[in-house]
Novice: 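Structure incoming, see below.
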Amino acid sequence: MTLLEFARGPALTVSLLVFFLGTTWRLWAIFRRPRKIDHSAPRRTDTVAGGLRAIWQRMLPRRAYERIGMTGTINAYAYHIGIAVIVFAFAPHIGFIERLTGLAWRALPDWVTYVATAFAIVGLVFALATRLTDDVQRLLSNFDDYFTWFVTLLPIVTGMALIEQRYVPATPMVAPATPDPTLLAVHLLSLELMLLWFPFGKLAHAVLVFVARYRTGVEFTRKGATL
Amino acid sequence: MSEADTRHPLDFDAPRFSIKNPAVRSDQQGELSDAERVDRAMKAFSRDMNSTVAAYLESCVHCGHCAQACHFYVTSQDPRHTPIWKIEPFKQAWKREAGPFAWLTRSFNLKPAVSADALREWQELLYDSCTMCGRCSMVCPMGIDIAALVGLARHAMFEAGLVPHELWAVAERAQREGSPLGATPKVLKERIEWLADEHEVEIPLDKPKAEVMITLSSIEIMKYPLSIVALARVLKRGGYDWTLRSDGYEATNFGLLSGNLEWQKDLSLRLIRAAVACEAKLLVLPECGHAYGALRWQGANAYGQPLPFEVLHISEFIARAMREGKIRTQTLKGSVTYHDPCQVSRRGGATGAAREVLAGLGAELREMPQAGDANWCCGGGGGVVTIHRADEHRRRAFSIKMKQVEASGADQLVTSCSNCRLSFDDGQAHYQWDRKMGSLLELVADNLDDASAAHA
């Protein structure tokens, strides 16, 4: 078995399994806990709408709080959107998803992904610089923060090494041929490392954010408090 | 030349040139081993571990935005005062003992077990440096209610016997005597007789039946007794059938502030039982922030079922009375700014009530920057005002409030929390500040439109 066959075969299967099962387990650890029973007379009863509103409202720092964290938030948007474009709008990646799921959509031009990559890398470097230099973030940070940063950047860097490779569009069920299988294998393995880490570290905030915001939204709405 | 010793900074603010002694930063109660303290803390914390708390403990991304929302961090610039850091030992315990991958964390010792020394170190962060004002909860991009987590962490600290001693002693006195400041039923009765006589108001006590049961804060009873007179005048003017009850009058709840759930429940049940006994349809809470949170939002849970009466904060009560035309006031001259008690406004959802009252007074309301739900805390809530070793820290936090008030340019300032008033009075004396915090209730009573009726 070549390295590429390993990356496309057992490594991908295992990493996807860990990703899905681990994330489900992490959510289950939250949902299996008892829910708070509240006998107080609610001021408002539209709590589900309040929970959903909280998910939306925490997307941006608010004026009432002097836009605390605005720089970090703008930067986070830069690399989150950058990564989203790379993953979901780059033709080879759509092909990869299509081979896995059968789902496909129209890709954006390659240059858009290149710009997005620049945003993602600059944003991630800025985020790390802030984490290393800001007293508060440095105190809060642990292995998870730095390793998560590493496994997020790694697929981008290994992917960039493939940019000069001639890309051969594949049919939905056949992977593209590549002149340098080792480079592609390393890229795939770096993605698989990220999938493996996802359930255990802070990457899981991608799903947890909806749970925490929603719960707070429900509780605050019940009290009639501002979200 | 030797370097300056930064461990013992010079105290330039003291009346005499002095060196700040390293403050004692940890108190403890009871004769327990360190292992027992940790065990009790962890058991208490796991008892509180519901699904929402678990979601919060799993979600922090360590962005640190909460620091900038905290008056203690902003005025100290000490990263340890970052709100989410204040619950770090409990996050650590969750990951190690109960989280989804606890077995992995323990097996590879990825998070060390929480030690008693760590809990002692965190005592200052959980008590001296947090008023549970909830400003941090509002800016967390993950939506974590950090203030609620601090409240739960305090339960654990109390169980471990690791509470600042002054706060513990005040809470213990409240539990034993029924009041944290010695406002026992006997003292209450004497005070009421004196106030009724001195100010010619009727203050009914222990009526067997009444539609409205009024509760007080011992700060009002002992330090701001004119609030009780104001209350009597407003209620008389509104024509209410009301009473105070000697078996349930103290609305402050130091069980909640210190972290003792049993005491919190007991103090709440005294009020609830008294209201049930006099068949009250409405229980009115005094000008006290945390009393509102304790009874309005947690009282029914202590009771184990919905309360058989309505609970209103005094500002909500007056707003309703004005809306219903039961109370009319003269137009207030000059401008006023309102300091929102965190537990009534941001944490309690009654932000609009005080403003409705001020609008009813025809007051020119000059809001402070970040008013209403985004208001900065006075620094004295959450029991912090009782902890003497926190005075310097608390007063530094109060300086934000002073700037806010000055920026409003208002002629007078009012609030609807006697604990906030206490904190303002202390700040005023400390900084020799020429502003005096007033009471919204007293402002209304002083401006009732029919003075003769009010004094009848």
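Below, read A as the first sequence line, B as the second, and so on, with proteins coming before strands; counting in each chain starts at 1.
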Novice: Is it the side chain or the backbone of B/A350 that comes within 4.5 Å of chain A heavy atoms, both, or neither?
Specialist: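 Contact with chain A: backbone and side chain both.
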
Novice: Which region of B/K95, side chain (C-beta onward) or backbone (N, CA, C, O), has a non-hydrogen atom less than 4.5 Å from a non-hydrogen atom of chain A, or is it both or neither?
Specialist: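 Just the side chain, heavy atoms under 4.5 Å.
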
Novice: Under 3.5 Å, is there a donor-acceptor pair linking the side chains of B/N253 and B/S268?
Specialist: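 Checked: B/N253/B/S268 side chains pair up, N/O donor to acceptor below 3.5 Å.
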
Novice: Side chain, backbone, both or neither: which part of A/A54 has a non-hydrogen atom closer than 4.5 Å to chain B?
Specialist: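 No part of A/A54 comes within 4.5 Å of chain B.
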
Novice: Please work out whether the ring planes of B/F45 and B/F90 are parallel, tilted or perpendicular, with thresholds of 30° and 60°.
Specialist: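 Tilted, since the angle between the ring planes falls between 30° and 60°.
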
Novice: In terms of side-chain heavy atoms, does A/T152 have a donor or acceptor partner in A/Y79 at a distance below 3.5 Å?
Specialist: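 Side chains of A/T152 and A/Y79: no pair found under 3.5 Å.
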
Novice: Relative to chain B, which segment of A/P34 carries a heavy atom at a distance below 4.5 Å: side chain, backbone, both, or neither?
Specialist: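 Interface part for A/P34: both.
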
Novice: Which bit of A/R62 is near chain B, if near means a heavy-atom gap under 4.5 Å: side chain, backbone, both or neither?
Specialist: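 Contact with chain B: side chain only.
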
Novice: Heavy-atom distance under 4.5 Å to chain A: side chain of B/T82, backbone, both or neither?
Specialist: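 Side chain only.
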
Novice: Name the member of B/R346, B/E88, B/R135 that forms the most heavy-atom pairs with chain A at distances under 4.5 Å.
Specialist: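 Most heavy-atom pairs within the cutoff with chain A belong to B/R135.
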
Novice: Side chain, backbone, both or neither: which part of A/R63 has a non-hydrogen atom closer than 4.5 Å to chain B?
Specialist: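 It is neither, since no heavy atom gets under 4.5 Å.
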
Novice: Does the ring centre of B/F72 sit less than 6.0 Å away from the ring centre of B/H81?
Specialist: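 Ring-ring flag for B/H81/B/F72: false, centres at least 6.0 Å apart.
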
Novice: Aromatic rings A/W197 and A/F200: how do their planes relate, parallel, tilted or perpendicular, breaks at 30° and 60°?
Specialist: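 Rings of A/W197 and A/F200: tilted, 30 to 60°.
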
Novice: Relative to chain B, which segment of A/D135 carries a heavy atom at a distance below 4.5 Å: side chain, backbone, both, or neither?
Specialist: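 For A/D135, heavy atoms of backbone and side chain both lie under 4.5 Å from chain B.
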
Novice: Please classify the contact of B/C66 with chain A as side chain, backbone, both or neither, using a heavy-atom distance under 4.5 Å.
Specialist: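 Nothing of B/C66, per the 4.5 Å heavy-atom cut-off to chain A.
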
Novice: Side chain, backbone, both or neither: which part of A/L227 has a non-hydrogen atom closer than 4.5 Å to chain B?
Specialist: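 Contact with chain B involves the backbone of A/L227 alone.
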
Novice: So which residue, B/G99, B/S137, B/G299, ends up with the most heavy-atom pairs under 4.5 Å with chain A?
Specialist: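 Ranked by heavy-atom pairs under 4.5 Å with chain A, first place is B/S137.
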
Novice: Where does B/A69 contact chain A at under 4.5 Å (heavy atoms): side chain, backbone, both or neither?
Specialist: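 B/A69 touches chain A through backbone and side-chain heavy atoms alike.
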
Novice: Please look at A/L27 and chain B and tell me whether the side chain, the backbone, both or neither of the residue comes under 4.5 angstrom of a heavy atom of that chain.
Specialist: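 Looking at A/L27, nothing touches chain B.
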
Novice: Regarding A/T47 and A/T221, do their side chains bring together a donor and an acceptor under 3.5 Å, going by distance alone?
Specialist: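 Side chains of A/T47 and A/T221: no pair found under 3.5 Å.
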
Novice: Just checking, is any N or O donor in the side chain of B/Q298 or B/Y303 under 3.5 Å from an acceptor N or O on the other one?
Specialist: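 Note: B/Q298 and B/Y303 side chains miss the donor-acceptor criterion.
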
Novice: Specify which of B/G372, B/G352, B/G304, B/A98 makes the most heavy-atom pairs with chain A at under 4.5 Å.
Specialist: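 Heavy-atom pairs under 4.5 Å are most numerous for B/G304.
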
Novice: Does either side chain, that of A/R35 or that of B/T52, offer a donor lying less than 3.5 Å from an acceptor on the other one?
Specialist: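 Distance-only check fails for A/R35 and B/T52.
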
Novice: Regarding A/T216 and A/R58, do their side chains bring together a donor and an acceptor under 3.5 Å, going by distance alone?
Specialist: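 Side-chain D/A pair, A/T216 to A/R58: absent.
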
Novice: Please rank B/D78, B/V61, B/I144, B/V53 by heavy-atom pairs under 4.5 Å with chain A and give me the top one.
Specialist: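 Top option by heavy-atom pairs under 4.5 Å: B/V61.
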
Novice: Does the gap between the ring centers of A/Y214 and A/F210 come in under 6.0 Å?
Specialist: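 Ring centroids of A/Y214 and A/F210 are no less than 6.0 Å from each other.
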
Novice: Can you tell which of B/M49, B/H65, B/M138 has the highest number of heavy-atom pairs within less than 4.5 Å of chain A?
Specialist: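 Top count of heavy-atom pairs under 4.5 Å with chain A: B/M138.
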
Novice: Counting only heavy atoms closer than 4.5 Å, note whether B/L57 contacts chain A via side chain, backbone, both or neither.
Specialist: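 Contact with chain A involves no heavy atom of B/L57 at all.
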
Novice: Which bit of A/R131 comes within less than 4.5 Å of chain B, counting heavy atoms only: side chain, backbone, both or neither?
Specialist: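 When you check distances to chain B, only side chain atoms of A/R131 fall under 4.5 Å.
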
Novice: Which region of A/Q57, side chain (C-beta onward) or backbone (N, CA, C, O), has a non-hydrogen atom less than 4.5 Å from a non-hydrogen atom of chain B, or is it both or neither?
Specialist: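 Contact with chain B is absent: no heavy atom of A/Q57 under 4.5 Å.
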
Novice: Evaluate the side chain to side chain donor-acceptor pair (under 3.5 Å) criterion for residues B/H62 and A/S141: first the C-alpha distance (whole Å), next the side-chain angles of each, then the deciding distance (0.1 Å), finally the verdict.
Specialist: CA-CA 6 Å; B/H62 300 163; A/S141 300; 5.4 Å; no

Novice: Measure distances from B/A148 to the heavy atoms of chain A and classify the residue's part below 4.5 Å as side chain, backbone, both or neither.
Specialist: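 Contact with chain A: none, neither part.
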
Novice: Go through the side-chain N and O atoms of A/K202 and A/N142 and say whether any donor and acceptor fall under 3.5 Å apart.
Specialist: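 There is no such pair (donor and acceptor under 3.5 Å, judged by atom type) between the side chains of A/K202 and A/N142.
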
Novice: Just checking, any donor-acceptor pair under 3.5 angstrom between side chains of B/S345 and B/D373?
Specialist: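 B/S345 vs B/D373: no donor-acceptor pair found between side chains.
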
